[in-house]
Q: 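Quick one: structure below, then a few questions.
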Amino acid sequence: MNSRHPDATVHILSSTVAELHVGSDVAEVVAPDSLALRDRVVEEIRQLAASNGEPAHATLVEGSSRWPLVVHPDGTFDEALEEAAVDTTAVPVVAAPAPAPAPVSALPVTAPTPVPAVPSAVPVAEDPARPTVQDLLDSRTGGGRPRATIGWQGAVRRATGGLISPAPGRVERSRLDREKRVQRRLDAPRTIVVLNPKGGAHKTTSTLLLSATFGTLRGGATLAWDNNETRGTLGWRAQHAPHHRTAVDLLEDLDEASNFRGSSLAALDHYVRTQVDARFDVLASDEDAAASSTIDAAAFDRLHALLRRYYRLMIVDTGNNMRASNWVAAVAAADQLVIVSTVREDTAASAAWLLDGLREKGFGRKIDEAVTVLTAPSSRPDRKLEARLSQHFEQVTSAVVNAPFDPSLVDGGPIDFDALSPETRDAWLTVAATVADRL
């Protein structure tokens with residue numbers, strides 16, 4: 001039997017800040033506005049529910065008001081508001097003496113007011129519904145306009161201690177808008193699949209950067225999954241973990257145990273590699289050079305069915321074999337495709353060939369909604385080629401985003417997200433927002 005988490009208490013401190021108390025642990029929850037704060041609070045409690053395999057109970061506190069909240073492992077929630085029971089037998093009810101009738105001469109003489117007839121078809125109004133915690137949060141004004149943090153606007157605000165607080169400039173407003181799009185609430189788990197059948201097309205790097213962007217801004221529940229039928233490099237490019245288990249180990253234990261029903265999210269810690277700073281997990285592909293096991297379509301489907309119970313977003317890195325059954329299964333399961341390529345003729349032609357093949361296989365609708373990411377292969381990319389490739393993929397997919405060259409990604413080792421340039425971070429925020437718009 002799983003040990004149940006203690007009930008959570010959420011203290012709403014402002015329209016953008018809350019404190020989550022679980023036992024002796026206290027975590028701060030910060031969001032850009034009240035709606036995002038609500039979603040982040042629900043997500044934090046959902047993770048407690050998922051880790052325990054049963055609904056998590058919380059109490060929201062703001063001032064002297066308190067509301068119970070129940071969040072289920074799948075992210076659905078309800079505000080189980082109940083009236084306090086009133087014991088009518090505890091105190092005897094004594095009727096107050098009726099007031100003495102007023103003298104007739106003191107009463108105003110008026111004609112009786114006619115009472116309009118109520119049509120029988122109109123129902124009698126019931127007691128109005130009491131407002132819920134969501135009504136309270138939705139009624140906020142958002143704490144006023146956003147405060148500038150960068151540019152001359154941010155410098156003025158800091159220099160004057162906030163006495164003069166200009167609105168954010170165009171650049172910062174764009175960033176805040178994209179962050180809000182990334183943080184939009186999802187009504188079910190979503191699977192994003194990253195594709196290009198050519199090696200060196202930036203698939204693994206794209207998977208990790210997209211996972212880091214979503215994980216950092218959404219507060220976790222994001223998985224980067226290497227769905228290579230034999231061996232991939234996602235586990236090598238991720239930050240180090242205290243174990244080397246992979247999808248093959250998870251699949252073998254899944255076979256032995258028949259299913260993970262009743263298991264908590266903590267059980268997956270033995271198989272995934274947590275990227276603490278970027279707030280996402282990595283499920284690596286087989287790393288045993290002597291192994292002969294492979295992941296096929298049936299194995300992918302079983303793993304996918306398990307993992308979607310615990311993760312809100314799964315970003316799947318794929319191999320180079322379009323004919324592999326697990327590759328096809330990932331495309332079939334995808335809610336969103338991301339086509340990646342460097343700005344090179346060979347990798348772009350491979351991506352274009354992939355799109356033609358997927359249309360022939362019946363995935364035309366997914367291709368129409370796909371997002372293409374073109375990454376510069378050097379600090380001085382071919383701008384004419386970049387423009388030509390962008391024009392082509394804009395006509396065959398729903399959007400194209402260009403990402404700059406970043407020297408911190410060149411060595412092929414574990415990605416240091418703190419070392420990424422501001423331009424790289426901004427580009428991948430645009431990628432994430434563009435993808436999130438389509439989820």
Side-chain angles (χ1 to χ4, degrees), residues 170-171 173-187 190-198 201-218 222 224 313-318 330-331 333-345 347-359 361 363-377 381-406 420 423-439:
R170 179 182 57 82
V171 172
R173 289 198 307 271
S174 171
R175 176 177 59 80
L176 292 172
D177 172 71
R178 285 174 289 156
E179 288 179 352
K180 184 177 293 186
R181 288 155 59 192
V182 170
Q183 293 165 346
R184 65 183 291 264
R185 182 172 177 80
L186 302 176
D187 57 7
R190 293 289 187 266
T191 300
I192 301 165
V193 177
V194 180
L195 299 170
N196 189 319
K198 186 179 185 307
H202 222 247
K203 290 192 297 292
T204 298
T205 303
S206 298
T207 300
L208 289 170
L209 294 178
L210 196 54
S211 299
T213 305
F214 273 115
T216 301
L217 290 174
R218 293 184 61 87
T222 298
L313 277 177
M314 287 173 285
I315 302 173
V316 182
D317 188 11
T318 56
V331 174
D335 297 294
Q336 178 65 43
L337 299 180
V338 176
I339 313 301
V340 297
S341 174
T342 53
V343 181
R344 289 171 50 102
E345 290 280 6
T347 50
S350 176
W353 175 71
L354 160 72
L355 298 180
D356 293 344
L358 287 177
R359 287 191 186 279
K361 290 179 179 290
F363 293 114
R365 185 173 180 179
K366 293 189 177 186
I367 293 303
D368 291 339
E369 291 298 317
V371 172
T372 301
V373 182
L374 299 176
T375 304
D382 185 335
R383 296 302 181 188
K384 289 186 177 180
L385 176 60
E386 183 179 79
R388 183 165 65 85
L389 298 181
S390 295
Q391 182 181 28
H392 174 80
F393 288 103
E394 284 170 354
Q395 297 177 73
V396 293
T397 60
S398 69
V400 175
V401 182
N402 295 92
F405 171 78
D406 194 314
L420 297 174
E423 293 76 16
T424 297
R425 292 176 181 275
D426 190 71
W428 282 96
L429 175 57
T430 300
V431 174
T434 305
V435 170
D437 289 342
R438 291 155 175 77
L439 294 177

Q: Will you find, in the side chains of Ser211 and Thr222, an N or O donor that is under 3.5 Å from an N or O acceptor?
A: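 No donor-acceptor contact under 3.5 Å links the two side chains.
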Q: For a salt bridge (charged side-chain N to carboxylate O under 4.0 Å, His left out) check, start with the C-alpha distance between Lys203 and Asp317, then their side-chain angles and the critical distance, and finish with the verdict.
A: CA-CA 6 Å; Lys203 290 192 297 292; Asp317 188 11; 5.7 Å; no
Q: Might you work through the side chain to side chain contact (heavy atoms under 4.5 Å, CB included) test for Ser341 and Phe393, ending with a clear yes or no?
A: CA-CA 11 Å; Ser341 174; Phe393 288 103; 5.6 Å; no
Q: Determine whether Trp428 and Leu420 make a side-chain contact, defined as any pair of heavy atoms from C-beta on separated by less than 4.5 Å.
A: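 The answer is no; the side chains never approach within 4.5 Å.
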Q: With sequence neighbours excluded, what pairs up with Arg184 under the salt bridge (Lys or Arg N to Asp or Glu O under 4.0 Å) test?
A: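 If we apply the salt bridge (Lys or Arg N to Asp or Glu O under 4.0 Å) test to Arg184, skipping adjacent residues, there are no hits.
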Q: Between Glu369 and Arg365, is the closest basic N to carboxylate O distance under 4.0 Å?
A: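 No, Arg365 and Glu369 are not salt-bridged.
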Q: What residues, two or more places apart in sequence or in another chain, satisfy salt bridge (Lys or Arg N to Asp or Glu O under 4.0 Å) together with Lys366?
A: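 None.
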Q: How long is the gap from CZ on Arg425 to CG on Asp406, to the nearest 0.5 Å?
A: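 Spacing of CZ (Arg425) from CG (Asp406) equals 9.5 Å.
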Q: Decide side chain to side chain contact (heavy atoms under 4.5 Å, CB included) for Glu179 and Leu429; before the verdict, give the C-alpha distance in whole Å, the side-chain angles of both, and the deciding distance to 0.1 Å.
A: CA-CA 7 Å; Glu179 288 179 352; Leu429 175 57; 4.1 Å; yes
Q: Got a salt bridge between Arg438 and Asp368, using NZ or NE/NH1/NH2 to carboxylate O under 4.0 Å?
A: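 Salt bridge between Arg438 and Asp368, a charged N being under 4.0 Å from a carboxylate O: no.
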Q: If we check side-chain contact (heavy atoms from CB on, under 4.5 Å) with Gln336, which of these qualifies: Leu439, Asp437, Ile315?
A: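 With Gln336 as partner, side-chain contact (heavy atoms from CB on, under 4.5 Å) holds for just one option, Leu439.
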Q: Please lay out, stage by stage, how Asp177 and Arg173 fare under the test salt bridge (charged side-chain N to carboxylate O under 4.0 Å, His left out).
A: CA-CA 6 Å; Asp177 172 71; Arg173 289 198 307 271; over 6 Å; no
Q: If you define the side chain from C-beta out and look only at heavy atoms, does anything of Leu313 sit under 4.5 Å from Leu186?
A: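 Yes. Closest side-chain heavy atoms under 4.5 Å.
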Q: Between Thr397 and Thr372, is there a side-chain donor-acceptor contact under 3.5 Å, judged purely by atom types and distance?
A: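 Distance-only check passes for Thr372 and Thr397.
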